[in-house]
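We number each residue from 1, following the sequence as shown. The figures that follow rest on heavy atoms only: side chains count, while hydrogens, waters and symmetry mates do not.
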Amino acid sequence: MKRISCLLLLCCSLQAFAQERDPAASGTVATDDLRAVPLYEEHELIRWINDNRHLQQVRDKDNCQLVQDIEARAEVLRLPSYQFLWGDMLAWGVCVPKQPRRGMAMIWKAAEQGLPAALEQLGRYYYHGTLVQQNRERAAPLMQEAASLGFEKAQFTWARWLLEGAGSPLDYPQAYLWLKQIVTADPARHREAERLSQGLAARMPPHKVKELNHQLLF
C-alpha cells in the first residue's frame, strides 16, 4: 500500500513538473488558476541554502507542509538543490524522522551533481567529524572543489584550512587568487579576505606573490 502511495505521489509530481516546463503538456491551455506553481524557484532555494536558511524556510515559514513535494523533486526528479534540502531534512530530523545515513547519502548525490553547497557541507562535516567519522584527507578535496566552483564560503574556509596545515604549498597560489578577487561590500568579509591572503602570501616566495598579483583581473 505504501509503495502504491509513493508511486502516485511521484507521478503527480512529475505531471506537475511537466506542466511547469510546458503548460500545454496537460492537453489544455493553462490559466492562472490551473497552472502548476513551482514549489520553490531554483535560484531562490539555492540562495536559502547558501545562506543556511533552507531548513528554517521549510520548518518555520512553510510549517512542514511541503515535505512530499520536496521528497519527490529530490528522489524522482533528482534536482541537486532539492536533493541537498531533502538530505539535510533527513540528516537533522527537520519535519521528518531523523535518518542521518539516508540524509548523508542524498547530500552526496547533490555533491556528485556539482552543487557547491553540498560539496562545502560534506567537506566541513568530514573535517570536524559531524555526523561522520572525522577524515580531513577526505574533507580537503571536497572543500577545494567547492571553492573552485566560485563558492565564496568555501574559498574562505579552504584558505583557513591551508593556514591550519591542510593541502600543500602547491595549493597556496590558487587560494590566494580566489581571495584577492573576492568583491564584497561587507567590511568584515573584506578584512577577513585580506587577513587570509596575507597569511598565504607569507608562505610563498615574494617573487611568486608578485607574479600572482600581476594575474589579478581586478
Side-chain angles (χ1 to χ4, degrees), residues 6-7 9-22 25 36-59 62 66-96 98-133 135-158 161 166-167 171 174-175 178:
C6 288
L7 288 173
L9 167 64
L10 298 180
C11 287
C12 289
S13 296
L14 286 171
Q15 183 180 15
F17 182 75
Q19 289 178 338
E20 290 169 17
R21 296 297 180 89
D22 182 8
V37 178
L39 177 60
Y40 298 130
E41 293 289 348
E42 190 79 0
H43 67 87
E44 184 178 44
L45 177 54
I46 290 174
R47 185 176 71 250
W48 292 335
I49 289 171
N50 291 347
D51 293 340
N52 197 29
R53 293 188 290 120
H54 52 293
L55 295 180
Q56 180 185 11
Q57 178 71 32
V58 172
R59 180 189 58 215
D62 295 331
L66 303 174
V67 172
Q68 291 183 328
D69 294 301
I70 293 169
E71 180 181 9
R73 282 163 173 75
E75 299 280 4
V76 179
L77 300 180
R78 300 176 183 174
L79 301 175
S81 58
Y82 280 95
Q83 288 177 326
F84 180 89
L85 173 60
W86 179 234
D88 233 13
M89 290 167 64
L90 290 168
W92 296 106
V94 174
C95 298
V96 294
K98 187 180 291 187
Q99 300 181 61
R101 181 178 293 275
R102 185 182 172 195
M104 286 294 289
M106 187 58 63
I107 294 171
W108 266 107
K109 289 181 180 180
E112 288 165 357
Q113 291 204 64
L115 186 70
L119 290 160
E120 186 273 338
Q121 180 157 300
L122 288 171
R124 276 190 292 110
Y125 282 10
Y126 280 105
Y127 194 82
H128 297 294
T130 304
L131 295 180
V132 295
Q133 294 297 309
N135 187 333
R136 294 189 170 179
E137 289 184 359
R138 194 173 193 185
L142 290 165
M143 189 63 67
Q144 187 177 28
E145 179 66 17
S148 73
L149 294 172
F151 194 35
E152 284 191 6
K153 184 178 180 180
Q155 290 173 346
F156 277 97
T157 301
W158 178 234
W161 288 6
D171 298 317
Q174 184 60 70
W178 285 333

Calculate, to the nearest 0.5 Å, the distance between atoms CG and CD belonging to L77 and Q83 respectively.
10.0 Å
Report yes if the side chains of E75 and M106 come closer than 4.5 Å at any heavy-atom pair, otherwise no.
yes
Side chains of V94 and D88: closer than 4.5 Å at any heavy-atom pair?
no
Show the numbers, then the answer: is there a side-chain contact (heavy atoms from CB on, under 4.5 Å) between Y127 and N135?
CA-CA 6 Å; Y127 194 82; N135 187 333; over 6 Å; no
Check Y82 against Y40 and note the closest heavy-atom contact, atom names and distance.
OH-N, 2.9 Å
Rounded to the nearest 0.5 Å, how far apart are CE of M89 and SG of C95?
5.0 Å
In the structure I gave you, are the side-chain heavy atoms of F84 and Q121 within less than 4.5 Å of one another anywhere?
yes
Side-chain contact test, heavy atoms from C-beta onward, threshold under 4.5 Å: evaluate it for P100 versus L90 and give yes or no.
no
From CA spacing to verdict: side-chain contact (heavy atoms from CB on, under 4.5 Å), L66, V58:
CA-CA 7 Å; L66 303 174; V58 172; 5.9 Å; no
Quick check for you: to the nearest 0.5 Å, what is the distance between I49 atom CD1 and R47 atom CZ?
11.5 Å
Considering only heavy atoms from C-beta outward, does the side chain of W178 approach that of W158 to under 4.5 Å?
yes
Mark yes when over 12 heavy atoms from residues, nucleotides or ligands other than R101 sit less than 6.0 Å from its CZ; otherwise mark no.
no
Name every donor-acceptor pair, under 3.5 Å, that has one atom in a side chain of residues 141-150 and the other anywhere in the protein, sequence neighbours excluded.
from : atom 1 : to   : atom 2 : distance (Å)
Q144 : NE2    : D171 : OD1    : 3.1
S148 : OG     : E145 : O      : 2.7

Which distance, rounded to the nearest 0.5 Å, do you find between the CZ of R53 and the CH2 of W48?
7.5 Å
Under the side chain to side chain donor-acceptor pair (under 3.5 Å) test, which residues partner E44, sequence neighbours left out?
none
So does R78 pair up with E71, basic N to acidic O under 4.0 Å?
no
Residues I46 and S81: closest non-hydrogen pair is CG1-CB, 4.0 Å
Do E152 and N50 pair up side chain to side chain, a donor and an acceptor below 3.5 Å, judged on atom types alone?
no
Compare every heavy atom of P80 with every heavy atom of L115, then report the nearest pair and how far apart it is.
CD2-O, 3.6 Å
Evaluate the side-chain proximity of L45 to E41: yes if any heavy-atom separation is below 4.5 Å, no if none is.
no
Nearest 0.5 angstrom please: K109 NZ to I107 CD1, how far?
12.0 Å
Any side-chain heavy atom of L119 sitting closer than 4.5 Å to one from F151?
no
Kindly compute the distance separating CD (Q57) from CG (D62), expressed to the nearest 0.5 Å.
4.5 Å
